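Accompanying notes for the structure given below.
Just so we're clear, the structure is a prediction, and the values are computed from it rather than from any experiment. Both backbone and side-chain heavy atoms feed into the values below; hydrogens, waters and symmetry mates do not. Counting starts at 1 for both ligands and their atoms, in listed order.
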Amino acid sequence: MSGFDTLLFDKTDGVARISLNRPDVLNAYNIQMRDDFSQVLSAVQDDPDIGAVLITGEGRAFCAGADLTEFGTAPSQEVARRVRWQRDVWGQFLSLRKPIVVAVHGYCIGSGLEIALLGDLRLAAQGTIFALPEVQLGMIPAAGGSQTLPRNTRQSGAMDVLLTGRRFDAAEALAMGLVTRLAAPENLLEESMDAARRLAELHPDTVTAAKSALRLGQDLPLAEALDMETRLAGGVLR
Ligand code: COA
């Protein structure tokens, strides 16, 4: 699979690496990137040779958020946002049966942070700057951020990030639980590839069941969540 305008794709050792590839604009997320992601995620879901996904960004930033120039060309911000919703890329991320490792560096802003939050393990290079500036721009996050942020951090911290749009660094992101761990910038790719490779070596049914148990369980009452865990645990006994 190749030939995406906005993404690089390669497959090694059972890991599909998808890299945001608009470095001149700090990998700003545009409509074409949405379409490319949609296509690549469908292919990854169906490829039995892929056991894990690694998402990275080319150049000096992971992603500086939604492409602000597209907001200017659309008839209105509302239309620009609606266009993004016409494909449920965020749903595709969340329903991916394979584990997703996201490695962020430089800037991880707006949609960039929301993409990271749709992953399962998040590694950040020391020095990465994070923010969700949507509210300051008269919008709210619409790539799941208002839901995925409080599910990964404490509610009060999430509200602060959401309402103030303030920038914060990787050390704070780690303390909030927003990222899984930090890496030296020069080691980020190697460490995140190692993490993805280890996940790719596991039995796919086990990984899918564990992921589902945690993701689905957090939105269920405890008794139902425990039932679900029992069913999933039975399903992976071999
Ligand atoms: N959409 C479109 N283009 C963007 C962009 C975005 N979200 N973020 C950065 N770019 C472009 C800049 O316009 C610039 O292009 P140019 O070289 O043609 O002028 C290029 O990327 C480099 O950005 P620059 O601002 O020069 O880099 P910086 O290191 O000085 O600042 C940021 C980095 C991330 C602080 C700054 O680019 C920024 O604030 N971006 C917007 C973040 C944002 O509000 N995102 C929307 C969230 S909803």
For the backbone of Gly91 and the side chain of Ser95, can you confirm whether one donor and one acceptor N or O come within less than 3.5 Å of each other?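 A pair under 3.5 Å: yes.
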Numbered atoms of ligand 1 (with element) below 4.0 Å of [X], judged on heavy atoms:
X: Pro133; value: 44 (O), 47 (C)
X: Arg167; value: 35 (C), 39 (O)
X: Ala28; value: 1 (N), 2 (C), 6 (C)

Are the aromatic rings of Phe37 and Phe93 close, with centres under 6.0 Å apart?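 Between Phe93 and Phe37, which both carry aromatic rings, the centre distance is below 6.0 Å.
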Flag Leu137 as yes when one of its N or O atoms lies below 3.5 Å from any N or O atom of ligand 1, and as no otherwise.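 The answer is no, given that Leu137 and ligand 1 share no N or O pair closer than 3.5 Å.
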Counting only heavy atoms from other residues, nucleotides and ligands, does the tally under 6.0 Å from [atom1] of [X] exceed 12?
X: Gln45; atom1: CD; result: yes
X: Gln155; atom1: CD; result: no
X: Arg215; atom1: CZ; result: yes

Have a look at [options] and point out the one with the heavy atom closest to [atom].
atom: atom 3 (N) of ligand 1; options: Asp24, Val25, Leu26; value: Val25
atom: atom 42 (C) of ligand 1; options: Ser111, Ala64, Gly59; value: Ala64
atom: atom 22 (C) of ligand 1; options: Arg60, Glu114, Met139, Arg22; value: Arg60

Quick one: do Glu58 and Arg22 make a salt bridge, cutoff under 4.0 Å?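 Looking at Arg22 together with Glu58, the answer is no, because their closest N to O distance does not fall below 4.0 Å.
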